[in-house]
Structure formats: structure tokens, C-alpha cells
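When reading the values below, keep in mind they use all heavy atoms of this one structure, side chains included, and skip hydrogens, waters and symmetry mates.
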Amino acid sequence: MKKLKKTMLLILLLLVVLPTLFNAQQIEDEIKKISLKLKMDKTYLNLKYISTQMDSVITGKLQNIPRTNSEKPYSFTSSNNVQYRIIFLNKGIDLDSIYIMYVEEIKLNTLSGESFFVDESIKDDTTQVLSFKDLYTLKLAGSPYYYVLLNEVQKFVDENEVDILPSLLVINPDKREKSYMGMTSKDNTDYFNFQKISNPHYIPTAKKKLRSVRRTEDLGKSFRLDASFSRLTFSLKTLDYSIGSTGFEVSTIEPILNLLPLESSNIFLGFRSIFRISTQKDITKASYIDAKLMGRINTKNSDVFGSQPFVMGGKAKLNLNSGFGGELKLTRMFGLPFITLKGYLASQNFEDPTYLFKTSATTKEAYFSNSQFEGTFSFYWNGNTQMTSRFKFDFGVAYFDIWRATYDSNNEVTFSDAEGETNIVPVFGINYTFVPSGIPLIGASLRVFDSRVTAGGWIKIFEFAPESVLRFEAKAITEPLTRSLRAWESSGGMFFQFRYRYGL
């Protein structure tokens, strides 16, 4: 009888213990599968992440965290050189809460940007310090360590509820897109990417609720500057407002006609403002107007163009009187492409021209352009999903007038008339930017206007610190491709310059 009782008790224990053992083994197997998937395919999973540098208050709660697989306990640090990336699965369909998948420690390459002679190939050192198994074990045990991390993630999600959360996903899960043939963003991302690199003025960016790879004080400069031989722009952070920003510009660049910088002998003075015109706060989805209002002042200096050592070209001939104008850029609205409108007007005053030419012993002549307008549609395309090769295409039409005035030996106007009939010409442009690993390195452009080609290019020389960059630029204008040179046109040439950008 006693033997029977022992046998029954053993059977009962086996019935209780064996399922528990089998279940534990099954859980262990599932954890291994999930861990392997996270390791092998992490950039193809739709996981979100938060990048932050911990302060001392948070790290004080994250000391000696126990880990599995015989790993030593791990302690978080608030060091300036260490950042943490917390990868998580956001709540959604069939998920009623957030699940932290793993945590990475990133030791920053602090030498980057601090010297001219830095090996840019040195990358930030990334290590997984808490695995999925570690975090699952902490969650299962109700550990306060897990809930401190979860609280940080939850705050990040709540603060960015109207924004797109950063994702590890490399390929957009849109079946209609052929990623191997390049891609075009369906919002304003491509527009702002291009403007951020090429525009001489400050471009607003999405506000960061939490700290990114570098400390938050690096995210916004109080003063922004773009300075070169041909143009100076600047703005102050104090002039930013809730829907945009304002800056100022001094320039010698004629934006429409086939003229090199300084060739018109004009100085352009004015201000620029970019502002949101829709209620959507996300800049990649909102509608923006980027407007520039400029006054054009003729300096009457005929020697300034040809006397510069960084200019190679023919003799300037075309006069532009003092006037006013500007530029208007519109982000995509109502499904339309990106639109750019430019225009300048001046009075028909033919007295005292800057460039005057003898036609005989007693007569002279000069050529003027008083009105210029241009309108273009812009389209953007990326060579791959990493946006390493970025293209911008412009198609449009332009108008300009040409006037010829004759003068006697005392430089008094004797006759003036419009030269030619209608100067309405098509405009085509293409821009290319090479941006490896998100760092703008090389840019090139080509514009066809009135049968002449304007080609430009730049290359980054130094990056003194984040948002402090020196470039070398060149611009060239060719002779007409399909016709002969007109009397009022220079033979073209080249213009070289250095360009320094700070805080842009």
C-alpha cells in the first residue's frame, strides 16, 4: 500500500513538473529564435528606436543590471562620449503596449570635426549591452530596471505622437515602389534635403524632443552664416518664430540671365523669410512658402568684374538698372510639383550706362535688360533608398527684355529701342549631390537657358565642426550652342570661390 502511494505521488509530481520543464524549454527556444532574428535582420524589421544620452538622474537608477548567459551586470553612464539606442516594438495591431527589444551602447568618435587631419573612417563604436533575453527576463521578473527604460521610451513616443518615429527599417514597405530603381519621397523630404545642403539661408528642421547623437546644444546655432566671394547671408535664432524663420542677404549674383557673379555690376540687398501656411506641423508634410524680397542697386563700376583674380571671362556688356524683385518657392501643394518663381523690374532709364561701346567716331551704344521673369517646376529623385545620390530636375520658361540705346559724343541718348521681338525661352536644369553616409561631399549643376549652358560644382574641403563647413566652388558659362553670340552677350567665362557655411 505504501509502495502504491509512493508511485501515485511520483506520477503526480511528474505531471506537474514535466509540462513546466517542457514549457521553459519552449520559451528558451523561442527567445533564441527572436534573438537570432533581431541580430540577422534588424534593418529589415519595422522596429522603432530612441537615441539619447542619459543624464545622471536616470543612470543612477540603472546600475548593476543583471544579465543572462553569465554576462557581468551592466551599469549605464552619463558620459559625454556615450549614447544609448533603445530599440522597441511600438504598440499597434494586436499589441496593447510597448516592448523593448534590446539596448545598444554607442561610444562616440569625439575626434570627428575637431581637427583638419582626422581619419573620417573612424566610426562610432556600437555594442549591444542588453539583449532581448536580458530584457525579457527583467520584464518577467517585474524588475524596476525594465520599467525605468520603458518609461523613457513611453515619454519619447508620447512627445512625438504626431511625428514619424525613427525606424530601423531600411526599405519602405510600399509594394508599388521599386527600390532598386531609386525612389522619390511622397512628401517634402527630398525638397528639404536639397535646400538644407544648397540654400544659402537657414532651413527649419523637425524639432527634436530628445537628444540625438551629439548633445542638444549642437542642434541649433544662435547665428547662421553663408559667406563667399559673391554672396553673404546671415540670420539669428532670435528671429525664428513658430511657423518659420527670417534672414538677410547681400549678393552680386544675377539669378536669371546668363551672367557670372559681379558681371552685372549690381548689388542685391534684401531679406528672406520661410514660413508654414498649413496647420500640419511636420515640415515633411506641411506646405511652406520660401520668399525673398530684394532691391537691386547698380554700382556703376565697370571695372569690378574684370579686375578680380578669381574671374576668367570675356568683357561684360549688359547693363541692369537699379530696381527690385525677388523669389518665391512653394512646396508641393494640391499634388503639384515644387514651384519656383523669380522676377525683377527696373525703370527704362538709359542715361549713364555702366558698359558703353563705341560704334563710330561720333556714336556709342549700350544694351539694357529691364525686366526678367522665370517660373520652373522641380522634381526630385534619389538613386537609392540610402539617398546617397540625389537629383533635382527643373523645367520651366523665362522671359527677359533687351533694349539698345545709342549716344552721341557727349554720351547723350539719341535713340532707344527694344532689341529683338519676344525673348521667351525654355529653361532646363539638373542638380546632383553626392551624400555618402548622410554627409554632403560633392555637388554639381547644369542649367540650359537661351541656348547657353551654365555649369557649376562644389566640393567640401574641411568640416571644422558639425555645421561648420568650407567648400570650394566653380561656375562656368559657355558660348551659345545653336546660334552665334549676340551683340549684348559676353563670351562666357568662369568664376571660382570659397564658401563657408556655419549653422546651416
Trace of the side chain to side chain contact (heavy atoms under 4.5 Å, CB included) decision for Phe449 with Ile477: CA-CA 10 Å; Phe449 176 91; Ile477 298 179; over 6 Å; no
Say you draw a straight line from [atom1] of [X] to [atom2] of [Y]; how long is it, rounded to the nearest 0.5 Å?
X	Y	atom1	atom2	value
Asn266	Leu259	CG	CG	9.5 Å
Ser75	Leu62	OG	CG	9.0 Å
Leu135	Tyr102	CG	OH	11.5 Å
Tyr241	Thr246	OH	OG1	4.0 Å
Asp394	Phe377	CG	CZ	11.5 Å
Gln195	His201	CD	NE2	10.5 Å

Mind checking what makes side chain to side chain contact (heavy atoms under 4.5 Å, CB included) contact with [X], not counting sequence neighbours?
X	answer
Asn151	Lys155
Leu232	Leu225, Ala227
Phe248	Phe234, Leu239, Phe271
Thr478	Val453, Leu481

Side-chain ion pair, Glu473 and Lys475, N-O less than 4.0 Å: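 Salt bridge absent between Glu473 and Lys475.
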Salt bridge (charged side-chain N to carboxylate O under 4.0 Å, His left out) partners of residues 423-446, not counting sequence neighbours, each pair once: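 Those involving residues 423-446 do not exist here.
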Salt bridge (charged side-chain N to carboxylate O under 4.0 Å, His left out) partners of residues 255-274, not counting sequence neighbours, each pair once: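 Qualifying pairs: Arg272-Asp290.
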Between [X] and [Y], is any pair of side-chain heavy atoms under 4.5 Å apart?
X	Y	result
Gln53	Val82	no
Ile253	Phe495	no
Leu320	Leu257	yes
Phe400	Asp450	yes
Ser322	Arg296	no
Phe229	Phe496	no
Phe391	Asn431	no
Thr433	Trp458	yes

Over 12 foreign heavy atoms within 6.0 Å of [atom1], [X]:
X	atom1	result
Lys460	NZ	yes
Phe324	CZ	no
Met494	CE	yes

Minimum-distance pair of heavy atoms, taken over all atoms of [X] and [Y]:
X	Y	answer
Ser235	Gly247	CB-CA, 3.7 Å
Ser451	Thr482	OG-OG1, 2.7 Å
Ser245	Tyr202	OG-CD2, 3.6 Å
Arg276	Ala286	CD-CB, 3.6 Å
Ser230	Gln497	OG-OE1, 2.8 Å
Val153	Ile50	CG2-CG2, 4.0 Å

Just to verify, what does [X] make a side chain to side chain donor-acceptor pair (under 3.5 Å) with, not counting sequence neighbours?
X	answer
Glu489	Arg483
Arg501	Asp226
Ser185	Asp190
Ser371	none

Return yes if a side-chain donor-acceptor contact under 3.5 Å exists between [X] and [Y], otherwise no.
X	Y	result
Ser468	Tyr500	yes
Glu254	Ser264	no
Thr59	Tyr84	no
Ser56	Ser78	no

Full working for side chain to side chain contact (heavy atoms under 4.5 Å, CB included) between Leu504 and Ile203: CA-CA 7 Å; Leu504 298 174; Ile203 298 295; over 6 Å; no
Give the table of side-chain donor-acceptor pairs shorter than 3.5 Å for residues 337-344, with sequence neighbours excluded, one pair per line with atom names and distance.
none

Tyr191/Tyr288 aromatic ring centres below 6.0 Å: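 Ring centres of Tyr288 and Tyr191 not closer than 6.0 Å.
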Those residues that, when tested against Lys292, pass salt bridge (charged side-chain N to carboxylate O under 4.0 Å, His left out) (two or more places apart):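 Lys292 satisfies salt bridge (charged side-chain N to carboxylate O under 4.0 Å, His left out) with Glu249 once adjacent residues are dropped.
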Side-chain donor or acceptor of Ser273 paired with backbone N/O of Ala291 under 3.5 Å: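 No, the answer is negative, given that no donor and acceptor are paired below the 3.5 Å cut-off.
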Intermediate values then yes/no, side chain to side chain contact (heavy atoms under 4.5 Å, CB included), Asp401 and Ser369: CA-CA 5 Å; Asp401 63 355; Ser369 179; 3.5 Å; yes
Face-on cation placement of Arg85 at Tyr49 ring, 6.0 Å and 45° thresholds: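 Pair Arg85/Tyr49 counts as cation-pi.
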Stepwise side chain to side chain contact (heavy atoms under 4.5 Å, CB included) test for Val157 and Phe88: CA-CA 11 Å; Val157 173; Phe88 62 95; 3.9 Å; yes
Geometric class of the Tyr74/Phe76 ring pair [parallel <30°, tilted 30-60°, perpendicular >60°]: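 Phe76 vs Tyr74 ring planes: perpendicular.
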